[in-house]
Amino acid sequence: QVQLVESGGGLVQAGGSLRLSCQASGSIFSINVMGWYRQAPGKQRELVAHINNGGTTNYAGSVKDRFTISRDNAKNMVFLQMDYLKPEDTAEYYCNAVLRTSYSDYRGNVYWGQGTQVTVSS
């Protein structure tokens, strides 16, 4: 059993900042990629940023230079520092991880958190 639990969402004014956290727990052998996705009402879920276990990051163009993803491998956590927030950043934010639950779980699987709401007012 693997769980991903997000925290840190909320309501903030445009130009403000929020920091999201995600804790992965349960039967975890190793985590390859951790990331954040978001889904606004009426839109498809989209990648915000991801980071691999070597620290290589990738960002959506719309958040580059405003958001920073980081992770704590020892604690199985991933963070998303969101600065200069815009109303268009309003969405449900989901934590995502590609991980192995055992040595024999060679391919691993994708796991999702339940989401945390971020609302940016203008």
Side-chain angles (χ1 to χ4, degrees):
Q1 299 275 346
V2 173
Q3 277 193 317
L4 274 63
V5 179
E6 304 98 334
S7 61
L11 173 64
V12 64
Q13 286 190 329
S17 298
L18 281 174
R19 180 177 170 87
L20 304 184
S21 300
C22 173
Q23 172 75 66
S25 63
S27 180
I28 298 172
F29 176 74
S30 66
I31 303 178
N32 183 4
V33 179
M34 300 190 81
W36 292 94
Y37 286 70
R38 66 186 182 186
Q39 187 166 19
K43 295 190 177 181
Q44 288 190 333
R45 190 173 296 190
E46 63 177 2
L47 172 70
V48 176
H50 62 69
I51 181 170
N52 67 15
N53 55 10
T56 301
T57 59
N58 183 49
Y59 294 91
S62 60
V63 306
K64 203 169 183 180
D65 299 327
R66 298 189 297 121
F67 292 8
T68 304
I69 190 170
S70 60
R71 63 189 279 178
D72 184 331
N73 291 332
K75 296 181 179 179
N76 292 333
M77 294 188 73
V78 64
F79 308 95
L80 186 69
Q81 177 65 41
M82 305 185 293
D83 298 317
Y84 306 106
L85 282 159
K86 303 176 181 180
E88 50 263 45
D89 294 318
T90 295
E92 189 82 7
Y93 283 69
Y94 296 91
C95 177
N96 162 281
V98 180
L99 61 87
R100 296 167 61 189
T101 57
S102 67
Y103 174 78
S104 59
D105 180 20
Y106 298 117
R107 292 196 300 176
N109 282 291
V110 179
Y111 295 84
W112 293 91
Q114 300 237 344
T116 186
Q117 177 67 36
V118 171
T119 303
V120 185
S121 63
S122 56

Q. Counting only heavy atoms not in Q39, do more than 12 fall under 6.0 Å of its CD?
A.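 Result for CD/Q39: enclosed.
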Q.
Tell me whether the count of non-hydrogen atoms from other residues, nucleotides or ligands lying under 6.0 Å of CZ in F29 goes above 12.
A. yes
Please list, chain by chain and in numerical order, all residues satisfying side-chain hydrogen bond (donor to acceptor under 3.5 Å, both in side chains) with [X], sequence neighbours excluded.
X	result
S102	S104
N53	none
T119	Q117
T101	D105

Q) Does M77 sit in a hydrophobic cluster with other residues, and if so which ones, taking ILVMFWY side chains as linked at heavy-atom separations under 4.5 Å, directly or through other members? A) F79
Q. In the hydrophobic clustering that connects Ile, Leu, Val, Met, Phe, Trp and Tyr at side-chain heavy-atom distances below 4.5 Å, which members other than M82 occupy its cluster, ordered by chain and number?
A.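 Traced through the cluster, M82 reaches V2, L4, V12, L18, L20, I28, I31, M34, W36, V48, I51, Y59, V63, F67, I69, V78, L80, L85, Y93, L99, Y111, V118, V120.
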Q: Using the salt bridge (charged side-chain N to carboxylate O under 4.0 Å, His left out) rule, collect all pairs that involve residues 70-81, keeping only residues at least two apart or in two chains.
A: none
Q: Output every pair passing salt bridge (charged side-chain N to carboxylate O under 4.0 Å, His left out) with a member in residues 88-99, not counting sequence neighbours, ordered by first then second residue.
A: R38-D89, R66-D89
Q.
Does anything in residues 53-85 form a disulfide (SG to SG under 2.5 Å)? List the pairs, not counting sequence neighbours.
A.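 Output for this query is empty, none listed.
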(Q) With disulfide (SG to SG under 2.5 Å) as the rule and sequence neighbours excluded, what pairs involving residues 17-62 come up? (A)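 Listed by first then second residue: C22-C95.
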(Q) Test: side-chain hydrogen bond (donor to acceptor under 3.5 Å, both in side chains). Region: residues 3-19. Which pairs qualify, not counting sequence neighbours? (A)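 For residues 3-19: S17-D83.
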Q.
For residues L47 and V110: do they belong to one hydrophobic cluster (side chain heavy atoms under 4.5 Å, members Ile, Leu, Val, Met, Phe, Trp, Tyr)?
A.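 Cluster IDs for L47 and V110 match.
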(Q) What verdict does the side-chain contact (heavy atoms from CB on, under 4.5 Å) test give for Q23 and N76, after you've listed the backbone C-alpha separation in whole Å, the side-chain angles of each residue and the deciding distance to 0.1 Å? (A) CA-CA 6 Å; Q23 172 75 66; N76 292 333; 4.1 Å; yes
**Q.** Minimum heavy-atom distance A14-S122, with the two atoms named
**A.** CB-CA, 4.3 Å
